[in-house]
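A note on names: the letters A, B, ... follow the listed sequences, proteins ahead of strands, and every chain is numbered from 1. Worth saying up front: this structure is predicted, and the values here are computed from it rather than measured.
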Amino acid sequence: NAGVTQTPKFQVLKTGQSMTLQCAQDMNHNSMYWYRQDPGMGLRLIYYSASEGTTDKGEVPNGYNVSRLNKREFSLRLESAAPSQTSVYFCASSNRGQGNSPLHFGNGTRLTVT
Amino acid sequence: EDQVTQSPEALRLQEGESSSLNCSYTVSGLRGLFWYRQDPGKGPEFLFTLYSAGEEKEKERLKATLTKKESFLHITAPKPEDSATYLCAGGTSYGKLTFGQGTILTVHP
């Protein structure tokens with residue numbers, strides 16, 4: 001009954017540090033997504049994976065990389081964190097493409113870069 | 001460019017005071033219009049999908065409707081537990097999803 005699980009829940013980084021955000025879903029969904037949510041900007045797509053073995057850039061991919069480890073897991077990596085990457089990051093999954101079927105979101109990772 | 005605009009940005013209601021939230025969209029090739037609820041510190045939670053103009057869906061005190069240019073989320077006799085941010089998003093058949101910025105609803109007892 002877990003749905004989409006994200007770790008960690010909170011993280012503080014210094015500029016230039018790297019980290020990986022982890023996401024796992026147990027709904028056997030094909031597609032997985034990484035979004036960021038900023039005040040006044042709404043939810044913006046960073047990267048997505050339409051199916052196991054594929055990844056594609058979204059609206060704001062610069063400074064990020066992703067890995068679709070298997071059907072369940074999709075990680076987001078910040079190689080050299082910048083203050084502009086301070087945000088709340090949400091992982092989501094869907095059975096079909098995000099335009100066609102609803103997304104199921106995790107509860108987010110709150111990242112602060114100082 | 002696809003756009004989804006929600007109004008108002010914030011809405012304060014008294015318990016029992018019905019109202020509506022608006023979601024205006026210009027999305028080329030709209031496949032589905034989605035509504036989500038987001039509680040503080042949580043991820044968005046799916047509420048409804050509307051696929052064609054004239055369609056309506058209901059869940060407890062919420063009813064979502066869709067026209068060719070707008071969607072409305074009607075809240076009938078709201079309770080304090082309905083307080084949340086409500087997000088709408090337009091999805092296309094080629095997999096793009098555009099979110100609005102949300103309406104923050106506060107229901108006072």
Indicate, with yes or no, if [Y] and [X] share a hydrophobic cluster defined by side-chain heavy-atom contacts under 4.5 Å among Ile, Leu, Val, Met, Phe, Trp and Tyr.
X: B:Trp35; Y: B:Leu105; value: yes
X: A:Tyr89; Y: B:Leu87; value: no
X: A:Tyr64; Y: A:Phe90; value: no
X: B:Ile104; Y: B:Leu13; value: no
X: A:Tyr35; Y: A:Leu78; value: no

Does some side-chain heavy atom of A:Tyr48 sit less than 4.5 Å from a side-chain heavy atom of B:Leu97?
-> no
For [X], is it the side chain, the backbone, both or neither that has a heavy atom under 4.5 Å from a heavy atom of chain B?
X: A:Glu59; answer: neither
X: A:Leu45; answer: neither
X: A:Arg44; answer: neither

All heavy atoms of A:Pro102 vs all of B:Phe34, minimum pair found to be N-CE2, 3.6 Å
Of the non-hydrogen atoms in B:Pro44 and A:Leu43, which two are nearest, and what is the gap between them?
-> CG-CD1, 4.0 Å
For [X], is it the side chain, the backbone, both or neither that has a heavy atom under 4.5 Å from a heavy atom of chain A?
X: B:Tyr51; value: side chain
X: B:Gln38; value: side chain
X: B:Lys96; value: backbone

Once you round to the nearest 0.5 Å, how far does CZ of B:Phe99 lie from CG of A:Leu103?
-> 5.5 Å
Based on non-hydrogen pairs under 4.5 Å, which of A:Pro39, A:Gly108, A:Ser94, A:Ser101 is most in contact with chain B?
-> A:Ser101
Under 3.5 Å donor-acceptor, B:Gln101 side chain and A:Gly42 backbone | no
Verify the neighbour count for atom CZ of A:Arg77: are there more than 12 heavy atoms of other residues, nucleotides or ligands below 6.0 Å?
-> yes
Just wondering, are more than 12 heavy atoms of other shown residues or ligands nearer than 6.0 Å to CD in B:Glu81?
-> yes
Count the heavy-atom pairs under 4.5 Å between each of B:Gly41, B:Gly90, B:Ala89 and chain A, then report the option with the highest count.
-> B:Gly41
